[in-house]
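Worksheet for the structure shown next.
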Amino acid sequence: MRIDVVTIFPGYLAPLREALLGRAIEAGLVELGVHDLRDWTHDVHQAVDDSPYGGGPGMVMRPQVWGEALDAVLGDAPARLVVPTPAGRPFTQATAQAWAGEERLVFACGRYEGIDQRVVDAYAQRMPVDEVSIGDYVLVGGEVAVLVMVEAVVRLLPGVLGNPVSAQEDSFSDGLLEGPAYTRPVSWRGLDVPDVLRSGNHAAIARWRRDRALERTAARRPDLLDALPDHALDRTDRAF
Ligand SMILES: N#Cc1ccccc1Cn1ccc2ccc(-c3cc(N)[nH]n3)cc21
């Protein structure tokens, strides 16, 4: 997979070259390009924003600069264009799974009050464009959202995680939150590891883990339970 990010703060994306993601890049599993939007300005002030038509607070990012930058970065290769915005569709594990199958992702990081809508509209005429939100809160720009989304996607790529099973057993992968996890020591500050996890009874352990996942999901994210298809819950599950 190739990932390109266009931003006025390239340094914000430096963490993508650290740790797991950095190793994936070094291993050739992912190619990453980070581009400074201001490289496509032509004025001495390198202006990328202007006042909003219709008035209102703040500034809007100019379409011309974005058009030149995205044309240059995209070239002729097919890609999915992703535009983080608080007004976007929710980015979920399902989104990450879908994007993990893409050859190429290009992220447009806005700042100010966002990017002129015509940028999304123009590129949507020739490629898939997703306006996505990572949560119901407002950030200052798209860079942090891109860090989140790139990590969620790249960890799903074959060869990136040491243990591929863990991605298959993610929270949300079966529609439920993950239950609690424990490791040594058996007792810590008067708190003990649940006996069942040390029993060696794999069926009992699997049942206990599912019960804790259902319990946690019912308590913290009842919306996820409501969204589960009927066949996803067996009779024992329905106790929650
Ligand atoms: N747009 C906009 C906007 C609109 C109102 C107030 C502040 C901003 C700042 N901003 C500029 C770019 C940009 C990108 C993504 C987010 C973003 C995503 C999530 N999930 N929250 N915030 C915010 C972004």
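Whatever order the structure lists ligands and atoms in, that order sets their numbers, starting from 1. Everything quoted here is computed from the prediction, not taken from an experiment. Excluded from the calculations below are hydrogen atoms, water molecules and symmetry mates; all remaining heavy atoms, backbone and side chain alike, are included.
No more than 12 heavy atoms of other residues, nucleotides or ligands lie within 6.0 Å of CZ in Arg184, so this atom counts as exposed by the packing criterion. Counting non-hydrogen atoms of neighbouring residues, nucleotides and ligands closer than 6.0 angstrom, the CZ atom of Arg209 reaches no more than 12 such neighbours. More than 12 non-hydrogen atoms from other residues, nucleotides or ligands lie less than 6.0 angstrom from CD of Glu68.
In this structure, Phe91 does not count as a contact residue of ligand 1, since none of its heavy atoms falls inside 4.0 Å of the ligand. Contact between Ala145 and ligand 1 is absent, with no heavy atom of the residue lying under 4.0 Å from the ligand.
Looking from atom 16 (C) of ligand 1 to the surrounding protein, the closest heavy atom is Pro86 CD, 3.4 Å. Residue, atom and distance of the protein heavy atom nearest to atom 5 (C) of ligand 1 are Glu113 OE1, 3.6 Å. Among all non-hydrogen protein atoms, the one lying nearest atom 21 (N) of ligand 1 is Tyr137 O, 2.6 Å. Scanning the protein for heavy atoms near atom 14 (C) of ligand 1, the closest one is Pro84 O, 3.2 Å. The protein atom (non-hydrogen) at minimum distance from atom 8 (C) of ligand 1 is Tyr112 O, 3.5 Å. Of the protein's heavy atoms, Val138 CG1, 3.4 Å lies nearest to atom 7 (C) of ligand 1.
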Q) Yes or no on salt bridge (Lys or Arg N to Asp or Glu O under 4.0 Å) for Asp211 and Arg216, after CA distance, side-chain angles and deciding distance? A) CA-CA 9 Å; Asp211 289 350; Arg216 179 174 280 186; over 6 Å; no
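In this structure, the side chains of Trp40 and His35 come closer than 4.5 Å at one or more pairs of heavy atoms. For the pair Ile25/Val154, no side-chain contact is recorded, criterion being any heavy-atom separation below 4.5 Å from C-beta on. You'll find the side chain of Met1 reaches within 4.5 Å of the side chain of Val153, heavy atoms only.
Here the shortest heavy-atom pairing between Glu143 and Thr7 reads OE2-OG1, 2.6 Å.
Residue-ligand proximity, Arg111 to ligand 1, at heavy-atom distances under 4.0 Å covers atoms 11 (C), 12 (C). Atoms of ligand 1 found under 4.0 Å from any heavy atom of Gly135 (numbered from 1 in listed order, with element): 20 (N). In summary, the atoms of ligand 1 found under 4.0 Å from a heavy atom of Ser133, numbered by their order in the structure, are 20 (N).
Only the backbone of Val140 comes within contact range of ligand 1, with a heavy atom under 4.0 Å; no side-chain atom does.
Inclusion of Leu139 in the set of residues having an N or O under 3.5 Å from an N or O of ligand 1 is warranted. Between Ile134 and ligand 1, at least one N/O pair is under 3.5 Å apart.
Figure legend: cation-pi geometry between Arg212 and Trp208, with NZ or CZ positioned under 6.0 Å from the six-membered ring centre and within 45° of its axis.
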